[in-house]
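So the structure is just underneath, and the comments pick up after that.
Below, each value reflects all heavy atoms present in this structure, side chains not excepted, and no hydrogens, waters or symmetry copies.
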There are 2 protein chains.
Amino acid sequence: MLTDEYRYKILKELQQDPNISQRQLAKRLGISLGKANFCLKALIEKGSVKAENFKNSTNKVGYLYLLTPKGIEEKVILTQCFLQRKLKEHEELEKEIEQLRQEVKS
Amino acid sequence: MLTDEYRYKILKELQQDPNISQRQLAKRLGISLGKANFCLKALIEKGSVKAENFKNSTNKVGYLYLLTPKGIEEKVILTQCFLQRKLKEHEELEKEIEQLRQEVKS
DNA sequence: TATGCTGCGTTCAATTAGTGAACGATGATA
DNA sequence: TATCATCGTTCACTAATTGAACGCAGCATA
């Protein structure tokens, strides 16, 4: 349920904004609140993220979702995997578009 | 349930091999037989694919899943959308990897 | 102080999506 | 004819996902 894709996306979001609510996170990733909550908990459970209690300036209560060293390392690896995957997809699609052009031509 | 992703992938598979069983299709796309059946039916329903009865050389019964003109056009459009999406993802990941390198450096 | 308002994380019943074993049908083969 | 393999189809079962509802905490206003 917590796929590499969401593991990556969540770590990325948290890294660039640890002060983010689960609702905001859900909205940014295009998933439901329930799923965001589930995934986040899983990341905390595994020690990739630490939820630090804090009080916001604008009358909010919530956590600061900070990447642990483990989480940072995990994100590095995931990012590299993602880059490779995307490069491969990109390459395949270039072939595909070339095929397509041949098709259209005829 | 039948997302653009699978619409695209199925049309692609069928185009390059109309003589393919639902089981083979499912395996190639990494989905279940049930889902493959469902998606294929949806494509036929919408007129993108036509199932033509035929008898294979190697003692099989099955259909020839042929793309209709509409299906071909649909695939062209989907492919273009996909290329754009992938290019964008690729671009974003390049930025991301650059950020990452900065991180790692420090 | 009390009341209301807002946004927080959490829960969980309900919905939706996905799975694959089982079935009957069809040809090929012995 | 009997057996075997593969076909598409079905559908009960499981997994994944949703979002309304809840209690809580802090701030603003009466």
Side-chain angles (χ1 to χ4, degrees), chain A residues 1-68 71 78, chain B residues 1-68 71 78:
Chain A
M1 192 177 173
L2 172 50
T3 59
D4 274 359
E5 183 182 358
Y6 285 106
R7 200 189 307 277
Y8 166 73
K9 287 182 176 175
I10 291 173
L11 291 176
K12 185 181 173 188
E13 288 296 334
L14 299 186
Q15 195 172 45
Q16 69 183 44
D17 181 13
N19 174 4
I20 185 178
S21 71
Q22 294 185 9
R23 280 165 230 270
Q24 287 175 311
L25 182 63
K27 188 167 282 185
R28 286 192 197 169
L29 301 194
I31 59 179
S32 68
L33 174 59
K35 184 171 178 178
N37 179 268
F38 180 92
C39 293
L40 200 44
K41 276 188 174 176
L43 286 170
I44 291 168
E45 188 74 24
K46 291 189 176 178
S48 300
V49 174
K50 188 169 188 309
E52 204 161 276
N53 219 313
F54 87 116
K55 292 165 189 172
N56 193 357
S57 55
T58 61
N59 76 332
K60 289 177 198 163
V61 182
Y63 292 100
L64 213 53
Y65 298 108
L66 297 165
L67 269 61
T68 62
L78 284 170
Chain B
M1 194 175 173
L2 172 50
T3 59
D4 274 358
E5 183 182 357
Y6 285 107
R7 199 188 308 276
Y8 166 73
K9 288 182 177 176
I10 291 173
L11 290 176
K12 186 179 172 188
E13 288 297 332
L14 298 187
Q15 194 172 45
Q16 68 183 44
D17 180 13
N19 174 4
I20 184 177
S21 71
Q22 295 185 7
R23 279 165 232 270
Q24 287 176 312
L25 181 62
K27 187 168 281 183
R28 287 191 195 170
L29 302 195
I31 58 179
S32 69
L33 174 59
K35 184 171 177 177
N37 180 268
F38 180 92
C39 292
L40 200 44
K41 276 188 175 176
L43 286 170
I44 292 168
E45 189 74 24
K46 291 189 175 177
S48 301
V49 173
K50 188 170 190 306
E52 203 162 278
N53 220 312
F54 86 116
K55 292 165 190 174
N56 192 358
S57 56
T58 61
N59 76 333
K60 290 175 200 164
V61 182
Y63 293 100
L64 212 54
Y65 299 107
L66 296 166
L67 268 62
T68 62
L78 284 170

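Straight-line distance from the OH atom of A:Tyr63 to the C1' atom of C:dT10: 10 Å, rounded to whole Å. Rounded to an integer number of Å, the gap from B:Lys27 NZ to D:dC7 P is 10 Å. If you take CD1 of A:Ile20 and P of C:dG7, they are 15 Å apart, rounded to a whole angstrom. Distance, A:Ile44 CD1 to C:dG9 C1': 10 Å, rounded to whole Å. Whole-Å rounding puts the A:Met1 CE to C:dG18 P distance at 14 Å.
Within 4.0 Å of B:Tyr6, counting heavy atoms only, lies no atom of the nucleic acid at all. Among the atoms of the strands shown, none is found under 4.0 Å from any heavy atom of A:Phe38.
Relative to the ring axis of A:Tyr6, A:Lys9 places its NZ or CZ within 45° and under 6.0 Å from the centre.
Taking every side-chain heavy atom of B:Lys41 into account, D:dT10 is the closest of C:dA17, D:dT10, D:dA20. Set against D:dA21, D:dT17, D:dA25, the side chain of A:Leu33 has D:dA21 as its closest nucleotide.
B:Gln22 has no side-chain polar atom (N or O) that falls below the 4.0 Å cut-off from OP1 or OP2 of D:dC7. Distances shorter than 4.0 Å separate some side-chain N or O of B:Asn37 from OP1 or OP2 on D:dT9. Not one side-chain nitrogen or oxygen of B:Lys35 sits closer than 4.0 Å to the OP1 or OP2 atom of C:dT19. Distances shorter than 4.0 Å separate some side-chain N or O of A:Ser21 from OP1 or OP2 on C:dC8.
Judged by distance alone with a 3.5 Å cut-off, no donor-acceptor contact links the side chain of A:Arg23 to the base of C:dG7.
Under the side chain to side chain donor-acceptor pair (under 3.5 Å) rule, B:Tyr65 has a single partner from B:Lys50, B:Glu13, B:Gln22, B:Glu52, which is B:Gln22.
Along DNA chain D, the nucleotide nearest to A:Ile31 and the one nearest to B:Tyr65 differ in position, and the one closer to the 5' end is contacted by B:Tyr65.
Residues B:Leu33 and B:Leu25 fail the side-chain proximity criterion, which asks for heavy atoms closer than 4.5 Å.
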Practice item. Would you sort out whether A:Arg28 and A:Lys12 count as a side-chain contact (heavy atoms from CB on, under 4.5 Å), showing the intermediate values? Key: CA-CA 11 Å; A:Arg28 286 192 197 169; A:Lys12 185 181 173 188; over 6 Å; no
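Separation of atoms OG (A:Ser21) and NZ (A:Lys27) is listed at 9.0 Å; rounding is to 0.5 Å.
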